[in-house]
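Shown next, in C-alpha coordinates, is the structure this report addresses.
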Number of protein chains: 2
Amino acid sequence: MLTASEENYLKAIFHLAGKSKRPVSTNALASALQTKPASATDMIQRLSKKGLVSYHKYKGVTPTSGGNKLALQVIRKHRLWEVFLVQKLRFNWDEVHEVAEQLEHVESEQLIEQLDKFLGYPKYDPHGDPIPGADGSMAPLPSTTLAMLQPGDKCRVICARDSSSDFLLFLDKLHISLGAAIEVLDKFEYDGSFSIRVDEALPITLSSKAAENIYVEKT
Amino acid sequence: MLTASEENYLKAIFHLAGKSKRPVSTNALASALQTKPASATDMIQRLSKKGLVSYHKYKGVTPTSGGNKLALQVIRKHRLWEVFLVQKLRFNWDEVHEVAEQLEHVESEQLIEQLDKFLGYPKYDPHGDPIPGADGSMAPLPSTTLAMLQPGDKCRVICARDSSSDFLLFLDKLHISLGAAIEVLDKFEYDGSFSIRVDEALPITLSSKAAENIYVEKT
DNA sequence: TTTTATTTTTAGTCTTATCTAATTTTATTA
DNA sequence: TAATAAAATTAGATAAGACTAAAAATAAAA
(Lines give C-alpha, C1' and ligand atoms only; values in the text may rest on other atoms or scores of the structure.)
Protein backbone atom coordinates (compact mmCIF):
# COMPACT_ATOMS: atom_id res chain seq x y z
CA MET A 1 0.00 0.00 0.00
CA LEU A 2 0.98 3.61 -0.45
CA THR A 3 1.47 6.32 2.15
CA ALA A 4 -0.62 9.49 2.00
CA SER A 5 2.42 11.36 0.76
CA GLU A 6 3.08 8.88 -2.03
CA GLU A 7 -0.56 9.12 -3.08
CA ASN A 8 -0.37 12.91 -3.17
CA TYR A 9 2.72 12.91 -5.37
CA LEU A 10 1.23 10.31 -7.67
CA LYS A 11 -1.96 12.32 -8.01
CA ALA A 12 -0.04 15.53 -8.70
CA ILE A 13 2.11 13.82 -11.35
CA PHE A 14 -1.02 12.43 -12.96
CA HIS A 15 -2.70 15.83 -13.05
CA LEU A 16 0.35 17.71 -14.30
CA ALA A 17 1.06 15.13 -17.01
CA GLY A 18 -2.47 15.58 -18.32
CA LYS A 19 -3.84 13.24 -20.96
CA SER A 20 -0.95 14.05 -23.28
CA LYS A 21 1.28 12.23 -20.77
CA ARG A 22 4.16 14.66 -21.28
CA PRO A 23 6.88 14.39 -18.62
CA VAL A 24 6.46 16.48 -15.47
CA SER A 25 9.41 18.58 -14.30
CA THR A 26 10.68 18.33 -10.76
CA ASN A 27 10.11 22.04 -10.15
CA ALA A 28 6.52 21.93 -11.39
CA LEU A 29 5.81 18.97 -9.15
CA ALA A 30 7.43 20.59 -6.13
CA SER A 31 5.54 23.82 -6.57
CA ALA A 32 2.24 22.00 -7.11
CA LEU A 33 2.76 20.27 -3.78
CA GLN A 34 4.14 23.33 -2.01
CA THR A 35 7.38 21.60 -1.27
CA LYS A 36 11.02 21.86 -2.37
CA PRO A 37 12.55 20.36 -5.52
CA ALA A 38 14.89 18.21 -3.43
CA SER A 39 11.92 16.60 -1.68
CA ALA A 40 10.24 15.97 -5.02
CA THR A 41 13.36 14.26 -6.37
CA ASP A 42 13.42 12.04 -3.29
CA MET A 43 9.84 10.96 -3.74
CA ILE A 44 10.12 10.55 -7.50
CA GLN A 45 12.93 8.07 -6.94
CA ARG A 46 10.88 6.21 -4.36
CA LEU A 47 7.88 5.98 -6.70
CA SER A 48 10.17 4.96 -9.53
CA LYS A 49 11.59 2.11 -7.45
CA LYS A 50 8.01 0.94 -6.87
CA GLY A 51 7.33 0.98 -10.59
CA LEU A 52 4.61 3.62 -10.40
CA VAL A 53 6.37 6.26 -12.47
CA SER A 54 8.85 6.23 -15.31
CA TYR A 55 11.80 8.45 -14.49
CA HIS A 56 14.94 9.58 -16.28
CA LYS A 57 17.24 11.92 -14.42
CA TYR A 58 16.87 15.55 -15.47
CA LYS A 59 14.19 14.55 -17.99
CA GLY A 60 11.07 14.58 -15.85
CA VAL A 61 8.64 11.92 -14.75
CA THR A 62 5.47 10.28 -16.12
CA PRO A 63 3.07 7.78 -14.52
CA THR A 64 3.32 4.16 -15.60
CA SER A 65 0.10 2.29 -16.30
CA GLY A 66 0.19 0.97 -12.75
CA GLY A 67 0.73 4.45 -11.35
CA ASN A 68 -2.07 5.75 -13.51
CA LYS A 69 -4.47 3.22 -12.14
CA LEU A 70 -3.60 4.06 -8.55
CA ALA A 71 -3.83 7.81 -9.21
CA LEU A 72 -7.31 7.34 -10.64
CA GLN A 73 -8.38 5.41 -7.56
CA VAL A 74 -7.25 8.27 -5.32
CA ILE A 75 -9.04 10.79 -7.53
CA ARG A 76 -12.14 8.61 -7.42
CA LYS A 77 -12.08 8.67 -3.62
CA HIS A 78 -11.44 12.40 -3.49
CA ARG A 79 -14.35 13.23 -5.77
CA LEU A 80 -16.80 10.86 -4.13
CA TRP A 81 -16.04 12.43 -0.76
CA GLU A 82 -16.59 15.86 -2.28
CA VAL A 83 -20.03 14.79 -3.43
CA PHE A 84 -20.76 13.44 0.04
CA LEU A 85 -19.67 16.66 1.74
CA VAL A 86 -21.78 18.86 -0.51
CA GLN A 87 -24.86 16.71 -0.99
CA LYS A 88 -25.14 15.13 2.43
CA LEU A 89 -23.29 17.39 4.85
CA ARG A 90 -24.29 20.63 3.12
CA PHE A 91 -20.77 21.97 2.67
CA ASN A 92 -20.37 24.80 0.18
CA TRP A 93 -18.74 23.89 -3.09
CA ASP A 94 -15.59 25.78 -2.21
CA GLU A 95 -15.16 24.34 1.29
CA VAL A 96 -14.74 20.69 0.39
CA HIS A 97 -11.27 20.43 -1.03
CA GLU A 98 -9.17 20.40 2.14
CA VAL A 99 -11.35 17.86 3.89
CA ALA A 100 -11.58 15.60 0.84
CA GLU A 101 -7.81 15.84 0.66
CA GLN A 102 -7.69 14.02 4.00
CA LEU A 103 -10.58 11.61 3.44
CA GLU A 104 -9.14 10.37 0.14
CA HIS A 105 -6.36 8.59 2.01
CA VAL A 106 -8.62 6.44 4.17
CA GLU A 107 -8.01 2.88 3.13
CA SER A 108 -11.01 0.61 2.69
CA GLU A 109 -12.35 -0.92 -0.46
CA GLN A 110 -15.68 -1.53 1.21
CA LEU A 111 -15.93 2.07 2.41
CA ILE A 112 -15.58 3.58 -1.01
CA GLU A 113 -17.88 1.12 -2.76
CA GLN A 114 -20.60 1.60 -0.16
CA LEU A 115 -20.15 5.37 -0.28
CA ASP A 116 -20.51 5.28 -4.06
CA LYS A 117 -23.73 3.30 -3.69
CA PHE A 118 -25.02 5.56 -0.92
CA LEU A 119 -24.50 8.62 -3.13
CA GLY A 120 -26.34 6.94 -6.03
CA TYR A 121 -23.27 6.30 -8.19
CA PRO A 122 -22.66 9.94 -9.12
CA LYS A 123 -20.74 10.59 -12.35
CA TYR A 124 -19.55 14.11 -11.51
CA ASP A 125 -18.17 15.90 -8.47
CA PRO A 126 -19.44 19.31 -7.30
CA HIS A 127 -16.98 21.09 -9.59
CA GLY A 128 -18.20 19.18 -12.62
CA ASP A 129 -15.17 16.92 -12.84
CA PRO A 130 -16.01 13.34 -13.80
CA ILE A 131 -15.59 10.69 -11.12
CA PRO A 132 -13.50 7.69 -12.22
CA GLY A 133 -15.25 4.35 -11.84
CA ALA A 134 -13.80 1.45 -9.89
CA ASP A 135 -12.28 0.37 -13.21
CA GLY A 136 -10.79 3.80 -13.94
CA SER A 137 -13.28 4.79 -16.65
CA MET A 138 -14.59 8.35 -16.72
CA ALA A 139 -17.61 10.13 -18.17
CA PRO A 140 -16.91 13.00 -20.62
CA LEU A 141 -16.84 16.56 -19.28
CA PRO A 142 -20.30 18.05 -18.86
CA SER A 143 -21.49 19.88 -21.98
CA THR A 144 -25.26 20.22 -21.62
CA THR A 145 -26.71 23.26 -19.84
CA LEU A 146 -30.24 23.48 -18.58
CA ALA A 147 -30.84 26.13 -21.24
CA MET A 148 -30.36 23.55 -23.99
CA LEU A 149 -33.29 21.42 -22.88
CA GLN A 150 -36.83 21.39 -24.21
CA PRO A 151 -40.16 21.16 -22.38
CA GLY A 152 -40.69 17.58 -21.26
CA ASP A 153 -36.96 16.89 -20.79
CA LYS A 154 -35.76 15.64 -17.41
CA CYS A 155 -32.28 16.00 -16.01
CA ARG A 156 -30.05 15.99 -12.98
CA VAL A 157 -27.92 18.94 -11.84
CA ILE A 158 -24.18 18.32 -12.18
CA CYS A 159 -22.56 21.63 -11.28
CA ALA A 160 -22.51 25.36 -11.93
CA ARG A 161 -20.53 26.75 -14.86
CA ASP A 162 -20.07 30.00 -12.95
CA SER A 163 -19.46 28.94 -9.39
CA SER A 164 -19.27 32.41 -7.87
CA SER A 165 -20.66 32.46 -4.36
CA ASP A 166 -23.39 34.82 -5.59
CA PHE A 167 -24.64 32.27 -8.05
CA LEU A 168 -24.36 29.38 -5.61
CA LEU A 169 -26.33 31.36 -3.04
CA PHE A 170 -28.95 32.07 -5.69
CA LEU A 171 -29.26 28.35 -6.48
CA ASP A 172 -29.55 27.58 -2.80
CA LYS A 173 -32.43 30.03 -2.46
CA LEU A 174 -34.27 28.22 -5.26
CA HIS A 175 -33.49 24.86 -3.63
CA ILE A 176 -31.54 23.79 -6.66
CA SER A 177 -28.86 21.60 -5.19
CA LEU A 178 -26.28 19.34 -6.72
CA GLY A 179 -27.91 16.14 -7.89
CA ALA A 180 -31.39 17.69 -7.88
CA ALA A 181 -33.83 16.18 -10.38
CA ILE A 182 -35.24 18.83 -12.68
CA GLU A 183 -38.11 18.61 -15.14
CA VAL A 184 -38.45 21.29 -17.82
CA LEU A 185 -42.13 22.23 -17.96
CA ASP A 186 -42.09 25.15 -20.36
CA LYS A 187 -39.77 27.46 -22.25
CA PHE A 188 -40.88 31.03 -22.92
CA GLU A 189 -39.51 32.23 -26.24
CA TYR A 190 -40.21 35.86 -25.30
CA ASP A 191 -37.25 36.12 -22.90
CA GLY A 192 -35.80 32.62 -23.01
CA SER A 193 -36.85 31.88 -19.43
CA PHE A 194 -37.93 28.46 -18.24
CA SER A 195 -40.60 26.97 -16.06
CA ILE A 196 -39.09 24.04 -14.20
CA ARG A 197 -39.91 21.64 -11.41
CA VAL A 198 -37.16 20.84 -8.90
CA ASP A 199 -37.38 17.56 -6.96
CA GLU A 200 -41.15 17.22 -7.30
CA ALA A 201 -41.77 20.66 -5.76
CA LEU A 202 -44.01 23.39 -7.18
CA PRO A 203 -42.94 24.88 -10.53
CA ILE A 204 -40.62 27.86 -10.53
CA THR A 205 -39.36 30.22 -13.21
CA LEU A 206 -35.71 30.47 -14.15
CA SER A 207 -34.07 33.13 -16.33
CA SER A 208 -32.16 32.10 -19.44
CA LYS A 209 -29.00 33.53 -17.87
CA ALA A 210 -29.33 31.21 -14.88
CA ALA A 211 -30.26 28.23 -17.08
CA GLU A 212 -27.13 28.73 -19.18
CA ASN A 213 -25.01 28.50 -16.06
CA ILE A 214 -26.28 25.16 -14.85
CA TYR A 215 -24.69 22.03 -16.25
CA VAL A 216 -26.96 18.99 -16.28
CA GLU A 217 -27.07 15.42 -17.49
CA LYS A 218 -30.28 14.27 -19.19
CA THR A 219 -32.12 11.42 -17.46
CA MET B 1 -2.65 19.85 16.62
CA LEU B 2 -1.89 16.23 17.33
CA THR B 3 -0.58 13.53 15.01
CA ALA B 4 -2.65 10.39 14.48
CA SER B 5 -0.22 8.48 16.65
CA GLU B 6 -0.45 10.96 19.51
CA GLU B 7 -4.24 10.75 19.33
CA ASN B 8 -4.11 6.97 19.46
CA TYR B 9 -1.91 6.92 22.52
CA LEU B 10 -4.04 9.55 24.24
CA LYS B 11 -7.18 7.58 23.53
CA ALA B 12 -5.63 4.35 24.80
CA ILE B 13 -4.44 6.03 28.00
CA PHE B 14 -7.91 7.45 28.51
CA HIS B 15 -9.56 4.06 28.05
CA LEU B 16 -7.10 2.16 30.22
CA ALA B 17 -7.30 4.72 33.01
CA GLY B 18 -11.08 4.31 33.11
CA LYS B 19 -13.19 6.65 35.16
CA SER B 20 -11.23 5.83 38.30
CA LYS B 21 -8.29 7.60 36.65
CA ARG B 22 -5.75 5.16 38.04
CA PRO B 23 -2.31 5.41 36.43
CA VAL B 24 -1.69 3.34 33.31
CA SER B 25 1.45 1.21 33.15
CA THR B 26 3.82 1.44 30.21
CA ASN B 27 3.43 -2.26 29.45
CA ALA B 28 -0.36 -2.11 29.45
CA LEU B 29 -0.27 0.85 27.10
CA ALA B 30 2.23 -0.79 24.77
CA SER B 31 0.25 -4.00 24.57
CA ALA B 32 -3.03 -2.13 24.00
CA LEU B 33 -1.44 -0.41 21.02
CA GLN B 34 0.41 -3.50 19.80
CA THR B 35 3.74 -1.81 20.16
CA LYS B 36 6.83 -2.06 22.38
CA PRO B 37 7.27 -0.58 25.86
CA ALA B 38 10.18 1.53 24.66
CA SER B 39 7.94 3.17 22.05
CA ALA B 40 5.28 3.81 24.66
CA THR B 41 7.79 5.49 26.98
CA ASP B 42 8.87 7.72 24.10
CA MET B 43 5.36 8.83 23.34
CA ILE B 44 4.40 9.24 26.98
CA GLN B 45 7.26 11.69 27.37
CA ARG B 46 6.18 13.58 24.27
CA LEU B 47 2.58 13.83 25.49
CA SER B 48 3.84 14.83 28.92
CA LYS B 49 5.88 17.68 27.43
CA LYS B 50 2.71 18.88 25.71
CA GLY B 51 0.85 18.84 29.03
CA LEU B 52 -1.67 16.22 27.93
CA VAL B 53 -0.71 13.56 30.46
CA SER B 54 0.71 13.57 33.94
CA TYR B 55 3.73 11.32 34.13
CA HIS B 56 6.11 10.16 36.84
CA LYS B 57 8.88 7.80 35.80
CA TYR B 58 8.18 4.17 36.69
CA LYS B 59 4.83 5.22 38.20
CA GLY B 60 2.55 5.20 35.17
CA VAL B 61 0.63 7.87 33.34
CA THR B 62 -2.80 9.56 33.62
CA PRO B 63 -4.51 12.05 31.33
CA THR B 64 -4.59 15.69 32.44
CA SER B 65 -7.85 17.59 32.06
CA GLY B 66 -6.58 18.93 28.75
CA GLY B 67 -5.66 15.44 27.58
CA ASN B 68 -9.01 14.15 28.71
CA LYS B 69 -10.81 16.71 26.63
CA LEU B 70 -8.83 15.85 23.52
CA ALA B 71 -9.29 12.11 24.06
CA LEU B 72 -13.05 12.63 24.30
CA GLN B 73 -13.03 14.56 21.05
CA VAL B 74 -11.27 11.70 19.29
CA ILE B 75 -13.70 9.20 20.80
CA ARG B 76 -16.57 11.43 19.70
CA LYS B 77 -15.31 11.35 16.14
CA HIS B 78 -14.70 7.61 16.21
CA ARG B 79 -18.20 6.81 17.42
CA LEU B 80 -19.97 9.23 15.10
CA TRP B 81 -18.19 7.63 12.16
CA GLU B 82 -19.25 4.20 13.41
CA VAL B 83 -22.86 5.34 13.40
CA PHE B 84 -22.41 6.69 9.89
CA LEU B 85 -20.89 3.47 8.62
CA VAL B 86 -23.65 1.29 10.07
CA GLN B 87 -26.69 3.50 9.54
CA LYS B 88 -25.83 5.06 6.22
CA LEU B 89 -23.34 2.76 4.52
CA ARG B 90 -24.88 -0.46 5.84
CA PHE B 91 -21.71 -1.85 7.38
CA ASN B 92 -22.19 -4.67 9.85
CA TRP B 93 -21.67 -3.77 13.49
CA ASP B 94 -18.42 -5.70 13.65
CA GLU B 95 -16.89 -4.29 10.47
CA VAL B 96 -16.71 -0.64 11.44
CA HIS B 97 -13.87 -0.41 13.92
CA GLU B 98 -10.87 -0.42 11.59
CA VAL B 99 -12.34 2.13 9.23
CA ALA B 100 -13.50 4.41 12.07
CA GLU B 101 -9.98 4.12 13.45
CA GLN B 102 -8.78 5.92 10.31
CA LEU B 103 -11.66 8.37 9.92
CA GLU B 104 -11.34 9.60 13.49
CA HIS B 105 -8.08 11.34 12.64
CA VAL B 106 -9.49 13.51 9.87
CA GLU B 107 -9.20 17.07 11.05
CA SER B 108 -12.16 19.39 10.51
CA GLU B 109 -14.42 20.94 13.09
CA GLN B 110 -17.03 21.59 10.43
CA LEU B 111 -16.92 18.00 9.21
CA ILE B 112 -17.71 16.48 12.56
CA GLU B 113 -20.42 18.98 13.48
CA GLN B 114 -22.16 18.54 10.13
CA LEU B 115 -21.83 14.77 10.40
CA ASP B 116 -23.39 14.85 13.87
CA LYS B 117 -26.28 16.88 12.49
CA PHE B 118 -26.65 14.62 9.44
CA LEU B 119 -26.92 11.58 11.70
CA GLY B 120 -29.57 13.28 13.87
CA TYR B 121 -27.32 13.88 16.90
CA PRO B 122 -27.10 10.22 17.97
CA LYS B 123 -26.32 9.57 21.64
CA TYR B 124 -24.98 6.02 21.21
CA ASP B 125 -22.73 4.22 18.77
CA PRO B 126 -23.60 0.82 17.24
CA HIS B 127 -22.03 -0.99 20.19
CA GLY B 128 -24.13 0.95 22.69
CA ASP B 129 -21.30 3.17 23.86
CA PRO B 130 -22.37 6.76 24.51
CA ILE B 131 -21.05 9.39 22.11
CA PRO B 132 -19.40 12.37 23.82
CA GLY B 133 -20.90 15.72 22.90
CA ALA B 134 -18.83 18.61 21.53
CA ASP B 135 -18.46 19.69 25.17
CA GLY B 136 -17.33 16.21 26.31
CA SER B 137 -20.57 15.27 28.09
CA MET B 138 -21.87 11.72 27.74
CA ALA B 139 -25.21 9.99 28.15
CA PRO B 140 -25.36 7.12 30.68
CA LEU B 141 -24.89 3.57 29.43
CA PRO B 142 -28.06 2.12 27.93
CA SER B 143 -30.21 0.32 30.51
CA THR B 144 -33.68 0.06 28.97
CA THR B 145 -34.54 -2.96 26.84
CA LEU B 146 -37.50 -3.12 24.53
CA ALA B 147 -38.96 -5.75 26.87
CA MET B 148 -39.32 -3.18 29.64
CA LEU B 149 -41.71 -1.00 27.66
CA GLN B 150 -45.49 -0.91 27.83
CA PRO B 151 -48.06 -0.62 25.04
CA GLY B 152 -48.14 2.98 23.82
CA ASP B 153 -44.45 3.59 24.53
CA LYS B 154 -42.22 4.81 21.72
CA CYS B 155 -38.48 4.40 21.49
CA ARG B 156 -35.41 4.37 19.29
CA VAL B 157 -33.09 1.37 18.88
CA ILE B 158 -29.63 1.91 20.37
CA CYS B 159 -27.87 -1.42 20.02
CA ALA B 160 -28.09 -5.15 20.63
CA ARG B 161 -27.16 -6.58 24.03
CA ASP B 162 -26.18 -9.85 22.34
CA SER B 163 -24.44 -8.79 19.16
CA SER B 164 -23.87 -12.27 17.77
CA SER B 165 -24.08 -12.31 14.01
CA ASP B 166 -27.10 -14.61 14.30
CA PHE B 167 -29.02 -12.03 16.26
CA LEU B 168 -27.94 -9.16 14.04
CA LEU B 169 -29.03 -11.11 10.97
CA PHE B 170 -32.36 -11.76 12.67
CA LEU B 171 -32.83 -8.04 13.33
CA ASP B 172 -31.95 -7.26 9.75
CA LYS B 173 -34.62 -9.67 8.50
CA LEU B 174 -37.22 -7.81 10.59
CA HIS B 175 -35.90 -4.48 9.30
CA ILE B 176 -34.99 -3.44 12.81
CA SER B 177 -31.93 -1.29 12.28
CA LEU B 178 -29.93 0.92 14.54
CA GLY B 179 -31.79 4.16 15.15
CA ALA B 180 -35.11 2.67 14.03
CA ALA B 181 -38.20 4.23 15.65
CA ILE B 182 -40.32 1.60 17.37
CA GLU B 183 -43.79 1.87 18.82
CA VAL B 184 -45.01 -0.80 21.24
CA LEU B 185 -48.56 -1.67 20.23
CA ASP B 186 -49.32 -4.57 22.52
CA LYS B 187 -47.77 -6.92 25.02
CA PHE B 188 -49.08 -10.47 25.32
CA GLU B 189 -48.87 -11.69 28.89
CA TYR B 190 -49.30 -15.32 27.78
CA ASP B 191 -45.74 -15.63 26.42
CA GLY B 192 -44.33 -12.15 26.99
CA SER B 193 -44.19 -11.42 23.28
CA PHE B 194 -44.78 -7.97 21.79
CA SER B 195 -46.59 -6.44 18.89
CA ILE B 196 -44.53 -3.53 17.61
CA ARG B 197 -44.39 -1.14 14.70
CA VAL B 198 -40.98 -0.38 13.19
CA ASP B 199 -40.51 2.90 11.29
CA GLU B 200 -44.21 3.31 10.44
CA ALA B 201 -44.37 -0.12 8.78
CA LEU B 202 -46.98 -2.81 9.40
CA PRO B 203 -47.06 -4.31 12.92
CA ILE B 204 -44.90 -7.33 13.61
CA THR B 205 -44.59 -9.72 16.54
CA LEU B 206 -41.40 -10.04 18.60
CA SER B 207 -40.59 -12.72 21.16
CA SER B 208 -39.73 -11.72 24.72
CA LYS B 209 -36.26 -13.21 24.22
CA ALA B 210 -35.59 -10.89 21.31
CA ALA B 211 -37.12 -7.89 23.09
CA GLU B 212 -34.81 -8.41 26.06
CA ASN B 213 -31.81 -8.23 23.77
CA ILE B 214 -32.59 -4.88 22.22
CA TYR B 215 -31.46 -1.77 24.06
CA VAL B 216 -33.57 1.31 23.40
CA GLU B 217 -34.03 4.88 24.51
CA LYS B 218 -37.57 6.09 25.12
CA THR B 219 -38.73 8.95 22.90
C1' DT C 1 30.76 28.11 -28.73
C1' DT C 2 31.75 29.76 -24.40
C1' DT C 3 29.58 31.87 -20.51
C1' DT C 4 25.77 32.44 -17.57
C1' DA C 5 21.46 31.19 -15.64
C1' DT C 6 18.26 27.76 -14.43
C1' DT C 7 16.98 23.32 -13.15
C1' DT C 8 17.87 19.11 -10.98
C1' DT C 9 20.27 16.11 -8.12
C1' DT C 10 23.17 14.77 -4.24
C1' DA C 11 24.84 15.02 0.43
C1' DG C 12 23.93 15.72 4.91
C1' DT C 13 20.65 17.15 8.75
C1' DC C 14 16.17 17.08 11.31
C1' DT C 15 11.74 15.20 13.25
C1' DT C 16 8.42 11.59 14.11
C1' DA C 17 7.72 7.13 15.26
C1' DT C 18 9.23 2.94 15.53
C1' DC C 19 12.59 -0.92 16.82
C1' DT C 20 16.43 -3.88 19.62
C1' DA C 21 19.65 -4.25 23.19
C1' DA C 22 21.35 -2.75 27.39
C1' DT C 23 20.63 -0.53 31.76
C1' DT C 24 18.13 1.00 35.69
C1' DT C 25 14.35 0.90 38.88
C1' DT C 26 10.80 -1.41 41.29
C1' DA C 27 8.63 -5.64 42.92
C1' DT C 28 8.92 -10.34 44.59
C1' DT C 29 10.65 -14.09 46.95
C1' DA C 30 13.78 -16.92 49.48
C1' DT D 1 17.51 -8.31 53.85
C1' DA D 2 19.78 -10.01 49.87
C1' DA D 3 18.92 -12.23 45.45
C1' DT D 4 16.11 -12.56 41.60
C1' DA D 5 12.44 -11.43 38.47
C1' DA D 6 9.69 -8.11 36.18
C1' DA D 7 8.83 -3.61 34.46
C1' DA D 8 10.40 0.69 32.72
C1' DT D 9 13.77 3.60 30.76
C1' DT D 10 17.73 4.94 28.01
C1' DA D 11 20.84 4.55 24.15
C1' DG D 12 21.45 3.87 19.62
C1' DA D 13 19.58 2.43 14.90
C1' DT D 14 16.28 2.74 11.12
C1' DA D 15 12.80 4.54 7.74
C1' DA D 16 9.81 8.15 5.86
C1' DG D 17 9.57 12.62 4.62
C1' DA D 18 10.90 16.96 4.84
C1' DC D 19 14.67 20.64 4.75
C1' DT D 20 19.31 23.51 3.33
C1' DA D 21 23.43 23.95 0.94
C1' DA D 22 26.43 22.45 -2.49
C1' DA D 23 27.39 20.14 -6.82
C1' DA D 24 26.17 18.64 -11.40
C1' DA D 25 23.53 18.81 -15.63
C1' DT D 26 20.86 21.25 -18.91
C1' DA D 27 19.14 25.40 -21.18
C1' DA D 28 19.64 30.17 -22.60
C1' DA D 29 22.32 34.09 -23.96
C1' DA D 30 26.21 36.57 -25.49
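Computation of the quantities below employed the complete heavy-atom set of this structure, encompassing side-chain atoms and omitting hydrogens, waters and symmetry-equivalent molecules. Per chain, numbering begins at 1; letters A, B, ... match sequence-line order.
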Taking atom types as modelled, is there a side-chain donor on D135(B) or S137(B) under 3.5 Å from an acceptor on the other?
-> yes

Side-chain donor-acceptor pair present, E95(B), Q110(A), cut-off under 3.5 Å = yes

Residue-level proximity of residues 36-44 of chain B to DNA chain D when a heavy atom falls under 4.0 Å = P37(B), A38(B), T41(B)

Check DNA chain D against residues 50-62 of chain A and give the residues with a non-hydrogen atom under 4.0 Å, in numerical order.
-> Y58(A)

Only one of R79(B), Q73(B), K77(B), K11(B) clears side-chain hydrogen bond (donor to acceptor under 3.5 Å, both in side chains) with E104(B); which?
-> K11(B)

Sorted by chain and number, sequence neighbours left out, salt bridge (charged side-chain N to carboxylate O under 4.0 Å, His left out) with D129(A) holds for none

For R76(A), the salt bridge (charged side-chain N to carboxylate O under 4.0 Å, His left out) test, sequence neighbours excluded, returns E113(A), D116(A)

Can you measure [X] atom [atom1] to [N] atom [atom2] for me and round it to whole angstrom units?
X      : N       : atom1 : atom2 : answer
L33(A) : dC19(D) : CG    : P     : 10 Å
L29(A) : dT9(C)  : CG    : P     : 10 Å
N8(B)  : dT16(C) : CG    : P     : 17 Å
Q45(B) : dT10(D) : CD    : C1'   : 9 Å
L47(A) : dG17(D) : CG    : C1'   : 12 Å

Side chain to side chain contact (heavy atoms under 4.5 Å, CB included) against D94(B), all qualifying residues, sequence neighbours excluded = N92(B)

Hey, do the aromatic rings of F84(A) and F84(B) have their centres closer than 6.0 Å?
-> yes

Give the ring-plane orientation class for W81(B) versus W81(A), where under 30° counts as parallel, over 60° as perpendicular and anything between as tilted.
-> perpendicular

Name all pairs fulfilling the ring-ring contact (aromatic ring centres under 6.0 Å, His included) condition that reach into residues 95-134 of chain B, sequence neighbours left out, sorted by first residue then second.
-> H78(B)-H97(B)

Check whether any side-chain N or O of [X] sits under 4.0 Å from OP1 or OP2 of [N], and answer yes or no.
X      : N       : result
T26(A) : dT9(C)  : yes
Y9(A)  : dA18(D) : yes
N27(B) : dA6(D)  : no
S25(A) : dT8(C)  : yes
S5(A)  : dA16(D) : no

For dG12(C), what is the paired nucleotide under Watson-Crick or G-U wobble rules, both distances under 3.5 Å?
-> dC19(D)

